[in-house]
Trainee: 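Here it is, the structure, as structure tokens.
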Amino acid sequence: MYKNNDKKSGRGYRSFWLSLIMALILLSACGQSKETVDESSQSDISSFQSTEEDVFEDASAMLSAGDSLDEEEVLFYENAYEAYREKCQELSEKYGNGRIVEHTVDTGRWESGCCYMSGLCFVDLIDFNGSEVKDLLVVYSQGENTGVNSQGMEIPQAGNYCVEVWTYEEGRLKLLVSADHVSSYPAYRNSSWDTDNCFLTVYESEYDKTAVIQIYEERPEGEVFTNYYCSIHYDSYELQCDIYSSENGKFYKNGEEIDWPYYCYRVCDYDTILAGVQLSSSEYGRDRLAKFGVDMSYGLVRSEENMQGLSGETFQSMMKVSGEYFGAYMRTLLEIRRDTVEEGFGSREPEFTLYDMDGNGVPELIVNIAPNEAGSSCQVYTCVRDRVVQCGEGASGHSTFYKGPGGGLVRTEGHMDIYSYEKWDLQGTELVITEFAEGTAEHQVGYPPLDDYGYQAYDSEVWFWSGDLSTLLYMSGLDAQESLQKFEEAVSATADTDYQYVYEDLDHDGEKEFVAVVEGREVWYCSGDSSQCEMVYMIGQKLERYKLKILRPEGETHVAVNAYNTFGNYHYYSILALKEGKIESLVSDNIGYVYGNGDGDIVLEIQNYDGHYEAEWGIYTTHTWKDTYLYYDGKKYREYAAAVLTEEEFLKLYDNGTEVLDKIRQSRKLAEGESLEITSIFVRGNGIVQIQCEHRYANGDIAFFYYELKSDENNKLSGGEELNYGQMYVQLSGLEAVYPVLPR
């Protein structure tokens, strides 16, 4: 029962019946008693009961002739999930129910401790081998705590946990993955302490949407990433285990040397996390972990629900957390860690946190680079589309950071009675740091409070994490759970249903709303209080892929729905807004791909094959991407169209115009019989300048490209370093045009 990865026709109907059957299973279990996860150190996962067989018989009776789920398939699902339940029962009886153990110790100066999972720690259902029925993922502890933390407490190490994946084939369980340890990182690099912090992360393959189980470990000579996954064929699969390692500045895949970009891509290029669980913390209790945004008990609660229902179709999709900045931030942090090691920072590895400084829905990655306590610095990164931009950095030695309702951060630095207070704000992609207080504190009085400067609302301290970035990325995406669950209940969405969503405050009333694209064309909306959940829009073009983007024209928040094919220039977009409790379409199925670029611009990207003219064949080739810009006037979107300038007008208008044109004319080496011509100069309504060029070859071929620059308030141009292939025009969209007003 293997799916065709190139086509999912007919599966939506089958998914509906699967959801119905799984719902009946859950209803049958409602009468059973359910323990809650206790907040004490010995909280147990509830034991589960086998589902009665007549539930499946009732469900089968509801299927009429011609339905896609026949009696044989119903029996297959019944047997598969029953086998998974029996396997969980077997592991639970052998190793004990899942629980969190927590120890604390008062050192007199601070409270220290540890916490960790024991027994059958984690249960989930994932699509590992591409079959119709999900596979069973379990993590269990063998009960031997062979490590010790800085306070001498016994703690588990990575090797005390085991990971297994089971599937159901030909009437029996089959073991796909058996790993004898989980991921880990040391809290301290000290030969006296075996301070493993253990976790597990499961990513989603972008190619075929199956699971990739990644196990990470640090060694003296470098780091090791082990990826377990299945290579899917049309009617079969092949188990894979790839080991990526770094040793003394060199990188390897299964022992063969590879380059850094490929290594980085293979271990970090994931935009969806299917599951993430923190299994142990060698130095912190649960309350301290929560300050970093890490909720260890979440994995235990999820396991409890999965074991009671064990229906995957209901629970699995709630654990799926996506964001196109995920992979970009993971790659960035990997590069930072590599650089700090090469620069000799030793054991003081960079710490980091995620915080949305500008409130645009994309959290910034804030990294504390710490060669020593006094000389450390903080770097701020943001993500524009799927590209990471470093916004700036500032000092962070002897500092505490605070966040508050006004956005940005407040940094307080104090040492030996000398203090300095700063406000950090993000403007577009630029970090702006403003010092608002400095001086020497009065003896025995202490440093002045933030209240003295009007920042009393900045009372929430920012905690920096030194563990696994994917843990924070995963946990930070769980705030959409309630709306997502309501959405799934409304549309009977299952793991076989492709959908993606955004969770944003669209009408700025303090409550986030949920917008999703389901099965390719349906756009669904759920209100913040879940009282309204319905399909609100049908995308006109049925294409292969869809991407939701948040647009933030001044004072409003909109959702761009982009539909496109993987190859070719078929791209269409719609823009939706929430007006008086109703979703309205401001733009419907127009050509192009739209997104916000992080600098306050709304970019419309138009694709074509017009980068090169082949004289011999008389055709245009070369796939090109051209940018124009949109403007929202409070009621509708319009395009910043262009005025066309002569070269003489251009030189009069811009102070450094001569320098710009000379640089362009010298940008390409020309052979005999070739020429470079500047054919058009476009100025758009938002001040963007695009200079169109043609490289004419002796054989009659023509290469078309343009340079894009920005003008400032003094009519001076900047930028233009990047060459963009394609032919630019006065207007690229079918929207109403807004033309520039040029000075005389």
Trainee: Taking the side chain from E556 and the backbone from P553, do they hold a donor-acceptor pair closer than 3.5 Å?
Mentor: no
Trainee: Find the distance between CH2 (W625) and OH (Y725) and round it off to the nearest 0.5 Å.
Mentor: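 If I round to the nearest 0.5 Å, the distance is 12.0 Å.
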Trainee: Applying the ring-ring contact (aromatic ring centres under 6.0 Å, His included) test to Y455, which of Y421, F436, W424 qualifies?
Mentor: F436
Trainee: Looking at K652 and E648, does any basic side-chain N land under 4.0 Å from a carboxylate oxygen?
Mentor: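 Looking at K652 and E648, the cut-off is met.
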Trainee: Can you find a side-chain donor-acceptor pair between S667 and Y707 that sits under 3.5 Å?
Mentor: yes
Trainee: Of the non-hydrogen atoms in L551 and G596, which two are nearest, and what is the gap between them?
Mentor: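 Scanning both residues completely, I find the closest heavy atoms to be CD2-N, 3.7 Å.
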Trainee: Just to verify, which of R411, E438, E435, E413 counts as forming a side-chain hydrogen bond (donor to acceptor under 3.5 Å, both in side chains) with S420?
Mentor: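 Of R411, E438, E435, E413, side-chain hydrogen bond (donor to acceptor under 3.5 Å, both in side chains) with S420 is met by E435 alone.
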Trainee: Where do G592 and L604 come nearest, in terms of heavy atoms and distance?
Mentor: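 Answer, listing the atom of G592 first, then L604: CA-CD1, 3.9 Å.
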Trainee: Between C268 and R331, which heavy-atom pair has the shortest distance, and what is it?
Mentor: CB-CG, 3.4 Å
Trainee: To the nearest 0.5 Å, what is the distance between OH (Y609) and CD1 (I619)?
Mentor: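 One gets 12.0 Å once the value is rounded to the nearest 0.5 Å.
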Trainee: Going from SG on C693 to CZ on F705, what distance comes out if it is rounded to the nearest 0.5 angstrom?
Mentor: 4.5 Å
Trainee: Any donor-acceptor pair under 3.5 Å linking the side chain of Y458 with the backbone of G407?
Mentor: yes
Trainee: Please identify each residue that fulfils ring-ring contact (aromatic ring centres under 6.0 Å, His included) with F326, with sequence neighbours left out.
Mentor: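 Checked F326 against ring-ring contact (aromatic ring centres under 6.0 Å, His included); zero matches.
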Trainee: Filter on salt bridge (Lys or Arg N to Asp or Glu O under 4.0 Å), then keep only pairs touching residues 684-695, sequence neighbours left out; what's left?
Mentor: E639-R684, E694-R696
Trainee: Atom OG of S396 and atom CG of N368: how far apart are they, to the nearest 0.5 Å?
Mentor: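 If we round to the nearest 0.5 Å, S396:OG and N368:CG are 3.5 Å apart.
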Trainee: Any ion pair linking R552 and E504 (charged N to carboxylate O, less than 4.0 Å)?
Mentor: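 Result for this pair is yes, salt bridge flagged.
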Trainee: About how many Å separate CG of L709 and NZ of K716, when rounded to the nearest 0.5 Å?
Mentor: 12.5 Å
Trainee: Spell out, as yes or no, whether a donor-acceptor pair under 3.5 Å connects the side chain of Q690 to the backbone of D627.
Mentor: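 Yes; judged by distance alone, with no hydrogens or angles, the pair exists.
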Trainee: Does L661 reach the side chain of L651, with side-chain heavy atoms less than 4.5 Å apart?
Mentor: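 Of all side-chain heavy-atom pairs linking L651 with L661, at least one is under 4.5 Å.
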Trainee: Are H695 and Y697 close enough that their ring centres sit under 6.0 Å apart?
Mentor: yes
Trainee: Tell me if the centroids of the rings in Y631 and Y640 come within less than 6.0 Å of each other.
Mentor: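 Centroid distance Y631-Y640: below 6.0 Å, so yes.
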Trainee: Do Y537 and S574 have a side chain donor and acceptor closer than 3.5 Å?
Mentor: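 Looking only at side-chain atoms, S574 and Y537 do form a donor-acceptor pair, the distance falling under 3.5 Å.
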Trainee: If we ignore angles and hydrogens, is there a donor and acceptor under 3.5 Å between the side chains of Y216 and Q214?
Mentor: no
Trainee: Checking side-chain polar atoms at under 3.5 Å, does T382 have a donor or acceptor matched by the opposite partner on E364?
Mentor: yes
Trainee: Would you say Y595 and K547 make side-chain contact, with heavy atoms under 4.5 Å?
Mentor: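 No - every pair of side-chain heavy atoms lies 4.5 Å or more apart.
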Trainee: Regarding E647 and R665, does a basic nitrogen lie under 4.0 Å from an acidic carboxylate oxygen?
Mentor: yes
Trainee: If only atom types and distance count, is the side chain of T332 paired as donor or acceptor with the main-chain N or O of M330 below 3.5 Å?
Mentor: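 Such a contact is absent between T332 side chain and M330 backbone.
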Trainee: Atom CG of L732 and atom CD of Q607: how far apart are they, to the nearest 0.5 Å?
Mentor: 12.0 Å
Trainee: Salt bridge or not between R338 and E223? Use side-chain N to carboxylate O under 4.0 Å.
Mentor: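 Salt bridge flag = no for E223 with R338.
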